[in-house]
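A short worksheet on the structure shown next.
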Amino acid sequence: MAKQQTLTLLDFVTKKNNSEKKEQHKVNEEPESQQETQNEPEPIHQRKEWLEEAPEGRVYYLLSVDYDGKKGKAFMKLYDPEAKKMYILYDSTNHKPYFLVDLEPDKVSRIPKIVRDPSFDGLETVQKIDPYSGNKIKLTKIVVKDPLAVRRMRNAVPKAYEAHIKYFNNYIYDLGLIPGMPYRLEKGKLIPVQPKINESELEEVKKAFSDSDELTKTMALEWFPFLEAEAPSVKRVAFDIEVFTPSRGRVPDPEKAEYPIISISLAGSDGLKMVLVLKRSDVEQGNSFSSNNNLNGVKVEEFRTEYELLKRFLEILLNYPIILTFNGDDFDVPYIYYRALRLGFAPEELPFDIKYRETKYLAGIHVDLYKFFFNKAVRNYAFEGKYSEYNLDSVAQALLGVSKIKIDNIVTFLNLEKLAEYNYRDSELTLNLTMFDNELTWKLIILFARMSRMGIEELTRTEISTWIKNLYYWEHRRRGWLIPLKEEILARAAETKSSAIIKGKGYKGAVVIDPPAGIFFNIIVLDFASLYPSIIRNWNLSYETVDYEGCTKKEMIKDESGEVLHFVCRDKPGITAVITGLLRDFRVKIYKKKAKKSDIPPEQKAYYDVVQRAMKVFINATYGVFGAENFPLYAPAMAESVTALGRYVITSTVKKARELGLTVLYGDTDSMFLYNPPKEKLEEVINWVKQTFRLDLEVDKVYKLVAFSGLKKNYMGVYPDGKVEIKGMLAKKRNTPEFIKKEFEEVKGLVISMNSPDDVVKIKEKLTYKIKDIYNKLKNKGYYLDELAFKIMLSKPLEEYKKTTPQHVKAALQLQAYGIHVLPRDVIMYVKVKTKDGVKPVQLAKLNEIDTEKYIETVRTTFEQLLKAFGVSWDEISSVISINSFFK
DNA sequence: TATAAGGTGTTAGTGA
DNA sequence: TCACTAACACCTT
């Protein structure tokens with residue numbers, strides 16, 4: 001029945017539009033087609049100018065830089081905060097693409113692949129600085145007319161330097177631009193606008209860096225303005241489309257765009273609330289739009305044809321310089337684009353440029369928030385792991401406390417009122433993800449852009465390693481340093497010498513102290529403030545300082561056993577040490593303090609907290625990227641030095657603490673859990689660390705009690721106010737069935753209630769009874785099927801599980817056979833049953849198929865982690881249970 | 001175009 | 001059948 005209607009609907013919409021569009025189309029095209037005949041023939045879709053040229057004399061925020069292939073020029077997207085409008089500015093400096101070679105010009109001129117290339121422009125001799133020695137070196141610059149020529153030519157020489165940098169980034173480096181910053185446009189050039197900074201704040205910065213080397217001091221003063229400059233609030237709109245789908249579980253293919261767009265919602269920072277709905281004969285209207293509370297203040301417009309709907313959508317969209325989506329890169333934008341073409345729009349009517357896996361918004365900037373929130377560094381450091389699934393619903397729930405509208409059918413079958421409500425909420429959530437907490441997310445994006453010197457479009461679509469790479473490249477260029485080749489960095493340092501504990505890892509990492517099992521009252525946790533970044537700074541670690549042979553002041557790097565792994569050169573400050581130290585000191589000495597100051601307005605405080613968090617992202621990732629094989633400045637000797645020194649520091653400190661009579665129960669990487677320590681002794685260790693290593697050891701946490709399971713990275717800590725922190729325990733893991741999490745939550749209450757060692761025995765007994773209850777409830781099928789489900793994420797497409805077939809994959813295969821499509825990153829919900837496969841997806845299972853024994857096993861391992869702290873063995877519990885059931 | 005290593009637990013697959 | 005390892009997912013620093 002539904003299928004029949006689908007076909008008629010499709011038919012109707014497509015045909016109707018094709019006849020309509022032609023007339024409208026012609027009207028639009030008239031003036032342009034005249035122009036076309038006068039100029040060179042050009043592809044139609046590149047003729048239209050979506051952005052006006054920026055007028056002179058005004059202040060703009062630089063938001064991105066790109067390359068226009070037709071004009072053969074770099075261009076910038078500039079946001080005018082007064083007009084709330086985006087403008088374009090083409091390069092006026094005649095900047096050209098290039099790369100460098102260490103060959104004499106006359107040798108280069110004998111390479112036909114270079115000089116005969118149609119894009120070859122010329123050769124220049126340039127001077128660069130060797131990052132290792134600081135000596136000047138001469139290189140030949142091969143200048144070309146088109147960035148693609150660099151790709152063609154770079155293989156024609158033995159060593160091509162700086163030949164893998166995207167052209168628009170090269171442009172940013174060479175002009176010393178900082179995206180996210182305000183500039184005044186004068187005579188076609190961008191002049192930085194210095195934010196007002198008061199003297200006392202400047203003094204504070206000088207004081208914070210008084211111990212640093214001269215280079216760091218100068219850089220601190222350069223960085224301060226762009227950390228202080230306010231982030232512009234920009235006019236933006238979020239949108240979301242709903243597409244007709246003939247069956248459940250099928251995601252429509254954007255490139256085919258075979259089904260109608262049935263609704264588009266928009267939510268703007270200027271208060272726009274709108275849904276554009278397609279009138280359809282195959283669904284009901286439902287209640288009136290105005291009677292729906294969730295559509296309060298939302299303007300719903302209905303359209304007879306999809307063509308009109310899209311036309312209206314584009315008309316509204318173009319009022320906004322920034323557009324936001326959640327997964328728009330992979331779905332909404334290409335779908336709209338291809339659907340519009342199908343309906344008869346001409347490419348030049350559409351403000352998008354779609355290439356393979358790349359979508360561009362030509363009339364401004366498109367931020368796909370899915371990509372940004374999926375970014376690992378953003379997730380873990382900026383948002384402290386508050387969301388662990390990456391769909392709109394989970395992210396919005398975690399950050400906004402609001403969910404998507406729940407529907408029990410696919411959108412295709414919703415009545416128009418429900419559809420509008422559902423559709424609008426998605427745009428509202430997407431917009432609010434950039435608005436909440438005083439526009440925290442947007443400010444973070446701007447700060448990241450400034451720190452990485454990257455345009456917003458690239459920034460929001462790449463991971464932290466790209467950000468750090470970009471910052472380092474920019475700084476190399478500013479200093480006139482030659483960016484080294486990866487092979488050179490590897491060749492100039494010694495190989496890694498330590499072996500990792502885990503198979504397949506490159507070098508040895510951190511120390512984890514084996515904890516005892518038990519309940520311990522009054523625990524103080526000492527923690528090194530940013531241990532690895534501090535080590536990098538204090539020991540002057542950098543790719544060009546570790547193992548640099550031409551050095552005069554060498555310092556040995558030893559690990560905890562006294563073995564010498566590498567040496568570091570102290571002749572001049574290492575670039576990584578300078579940048580990391582700079583960020584660390586800014587964060588710890590300035591912004592963390594400012595964020596807590598009582599005498600400044602809360603909004604300002606919140607901003608400083610954003611700055612502090614943005615820095616954390618860069619600081620924490622720096623060590624990691626230099627240890628990552630794919631990173632272009634990969635320096636394993638440096639990364640190995642960091643962890644070796646880390647082990648040396650923590651091991652020496654634990655030893656010192658024990659010598660002072662302190663009881664160190666546990667420690668992981670940079671922390672020490674001390675049992676009931678006297679205050680004086682604490683201070684003594686802290687001072688000793690300061691003097692010995694120039695590192696900050698601080699009291700991080702004070703626990704009323706800690707329940708250690710006896711396993712590493714596995715404990716429960718209770719604060720004096722009853723707040724609980726669970727680390728690593730099975731009950732905490734996302735994939736653990738809900739019924740276990742629920743029961744564990746109750747058990748948690750028992751642990752919290754303890755105030756002294758005397759309570760332990762009493763609670764131990766209660767705990768035993770509680771677990772017995774769970775056991776019985778399970779046996780009697782007292783839980784719902786949903787609660788029993790394991791929730792495990794597919795990390796890759798089903799076909800790629802070749803070596804083994806894990807249970808969640810088995811369940812996913814069953815779903816697939818049933819006609820439900822599954823994709824990487826989908827969370828599969830399955831229960832354990834007594835069939836041959838052993839599992840069934842929740843959707844296909846029944847409560848009486850459940851394999852109770854398997855669930856008892858899961859209960860056992862989960863609760864054992866807590867029972868061990870109480871000194872109770874599972875046998876004790878099961879014996880009590882079996883006696884009871886015997887008597888039953 | 002993708003930050004590191006250390007750790008726990010479950011299951012599949014393999015070879016004796 | 002049993003003991004072991006590899007693969008996988010998720011968490012901690």
Side-chain angles (χ1 to χ4, degrees), chain A residues 164 166 357-358 371 374-381 384-385 388-389 458 461-469 496 498-515 525 527-528 530-532 617-636 638-640 642-644 646-647 650 666-671 700 709-715 725-736 790-796 800-810 825 827-828 832 837-839 854 857-858 860-862 864-865:
Chain A
H164 286 266
K166 282 187 186 150
R357 297 178 78 76
E358 204 186 316
K371 292 230 169 99
F374 187 73
N375 182 302
K376 242 192 265 164
V378 169
R379 231 149 73 193
N380 297 334
Y381 301 127
E384 290 162 336
S388 53
E389 280 166 55
E458 197 192 8
R461 287 168 175 76
T462 51
E463 292 281 343
I464 186 73
S465 63
T466 308
W467 304 359
I468 293 179
K469 173 192 81 180
T496 50
S498 59
S499 50
I501 290 175
I502 299 173
K503 233 191 217 170
K505 306 281 183 183
Y507 54 90
K508 200 169 176 187
V511 179
V512 185
I513 297 167
D514 222 342
V525 184
D527 187 310
F528 285 91
S530 333
L531 180 64
Y532 287 179
V617 172
F618 276 80
I619 295 166
N620 286 347
T622 299
Y623 145 72
V625 296
F626 282 96
E629 240 173 302
N630 292 323
F631 190 60
L633 299 174
Y634 175 49
M638 176 198 156
E640 186 184 37
V642 175
T643 56
R647 295 194 301 275
I650 190 75
Y666 176 60
D668 184 350
T669 314
D670 60 355
S671 65
D700 184 36
S709 64
L711 296 166
K712 293 171 174 180
K713 299 179 192 282
N714 199 278
Y715 60 88
E725 243 171 22
I726 299 178
K727 297 289 184 181
M729 295 187 134
L730 275 169
K732 191 191 179 167
K733 292 176 78 170
R734 193 180 50 70
N735 57 0
T736 300
F790 290 84
K791 292 168 283 184
I792 297 189
M793 198 183 281
L794 285 170
S795 63
K796 51 189 177 187
E800 280 173 36
Y801 289 87
K802 283 182 183 140
K803 290 166 186 157
T804 57
T805 312
Q807 294 196 319
H808 65 298
V809 177
K810 284 184 178 160
R825 296 208 281 267
V827 175
I828 307 297
K832 297 192 181 178
D837 260 359
V839 292
K854 284 269 169 22
E857 261 313 288
T858 313
R860 182 174 80 85
T861 47
T862 310
E864 229 170 23
Q865 294 187 336

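Proteins come first, then strands; the chains are lettered A, B, ... in the order of their sequence lines, and each starts at number 1. Keep in mind it's a predicted model, so treat the numbers as computed, not measured.
Partners of Val617(A) by side chain to side chain contact (heavy atoms under 4.5 Å, CB included), not counting sequence neighbours, listed by chain and number: Ala377(A), Tyr381(A), Ala382(A), Phe448(A), Ile464(A), Trp467(A). Lys713(A) pairs by the side-chain hydrogen bond (donor to acceptor under 3.5 Å, both in side chains) definition with Asp668(A), not counting sequence neighbours. Glu857(A) pairs by the side-chain hydrogen bond (donor to acceptor under 3.5 Å, both in side chains) definition with Arg860(A), not counting sequence neighbours. For Arg461(A), the side-chain hydrogen bond (donor to acceptor under 3.5 Å, both in side chains) partners at least two apart in sequence or on another chain are Asp329(A), His366(A). Contacts of Lys791(A) classified as salt bridge (charged side-chain N to carboxylate O under 4.0 Å, His left out), with partners at least two apart in sequence or in another chain: Glu738(A). When the side-chain hydrogen bond (donor to acceptor under 3.5 Å, both in side chains) test is applied to Glu458(A), the partners found at least two apart in sequence or on another chain are Lys166(A), Asn169(A).
Within the nucleic acid shown, Gly838(A) has no heavy atom closer than 4.0 Å to any nucleic acid atom. Among the heavy atoms of the strands lying under 4.0 Å from Ala621(A) is at least one base atom, whether or not backbone atoms are also near. Tyr801(A) comes within contact range of the sugar-phosphate backbone alone, with a heavy-atom separation under 4.0 Å but no base atom that close. Nucleic acid contact for Tyr507(A): sugar-phosphate only, since backbone atoms but no base atoms lie under 4.0 Å from a heavy atom of the residue. Looking at heavy-atom distances under 4.0 Å, Gly624(A) makes contact with a base. In this structure, Ile650(A) reaches neither bases nor backbone, as no heavy-atom distance under 4.0 Å exists between it and the strands shown. Ser671(A) comes within contact range of no nucleotide atom at all, as no heavy-atom separation falls under 4.0 Å. Among the atoms of the strands shown, base atoms are found under 4.0 Å from some heavy atom of Tyr381(A). Among the protein residues, Lys508(A) comes within range of the sugar-phosphate backbone only, with heavy atoms under 4.0 Å from sugar or phosphate atoms but none that close to a base. Using a 4.0 Å heavy-atom criterion, one finds that Met729(A) contacts no nucleic acid atom at all.
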Once base and sugar-phosphate atoms are separated, protein heavy atoms under 4.0 Å mark nucleotides 9-16 of chain B, 5' to 3', with B, S and - as SSSSS---

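In terms of phosphate contacts, Thr622(A) brings no side-chain nitrogen or oxygen within less than 4.0 Å of OP1 or OP2 of dT3(B).
With hydrogens and angles left out, the side-chain atoms of Ser671(A) and Asp527(A) include no donor and acceptor closer than 3.5 Å.
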Given salt bridge (Lys or Arg N to Asp or Glu O under 4.0 Å), test Arg734(A) with Glu389(A) step by step and report yes or no.
-> CA-CA 9 Å; Arg734(A) 193 180 50 70; Glu389(A) 280 166 55; 3.8 Å; yes

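Smallest separation of non-hydrogen atoms from Gly627(A) and Ala639(A): CA-CB, 3.6 Å.
Rounded to whole Å, the separation between the P atoms of dA2(B) and dT13(C) comes to 27 Å.
Between Ile502(A) and Asn630(A), the residue whose closest nucleotide on DNA chain B is further toward the 5' end is Asn630(A). Nearer to the 5' terminus of DNA chain C, by closest-nucleotide assignment, is the contact made by Lys503(A) (compared with the other of Lys503(A) and Gly728(A)).
Glu629(A) places its CD atom 15 Å from the C1' atom of dT1(B), with the value rounded to the nearest Å. Here the P atom of nucleotide dA5(B) and the CD1 atom of Ile501(A) are 12 Å apart, to the nearest Å. In this entry the distance linking NZ of Lys713(A) with P of dA5(B) reads 13 Å, nearest Å. Between the CG atom of Asp670(A) and the C1' atom of dA4(B) there is a distance of 14 Å, rounded to whole Å. Rounded to a whole Å, the CD1 atom of Ile513(A) is 14 Å from the C1' atom of dG6(B). Straight-line distance from the CG atom of Asp668(A) to the C1' atom of dG7(B): 9 Å, rounded to whole Å. Protein atom CG of Asn620(A) is 16 Å distant from nucleotide atom P of dA5(B), rounded to whole Å.
First and last contacts of DNA chain C with chain A, using any nucleotide atom under 4.0 Å from a protein heavy atom and ordered 5' to 3', fall at dA6(C) to dT13(C).
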Can you give the donor-acceptor pairs under 3.5 Å from side chains of residues 507-514 of chain A to other protein atoms, not counting sequence neighbours?
from, atom 1, to, atom 2, distance (Å)
Tyr507(A), OH, Tyr623(A), OH, 3.0

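Relative to the ring axis of Phe631(A), Lys469(A) does not place its NZ or CZ within 45° and under 6.0 Å from the centre.
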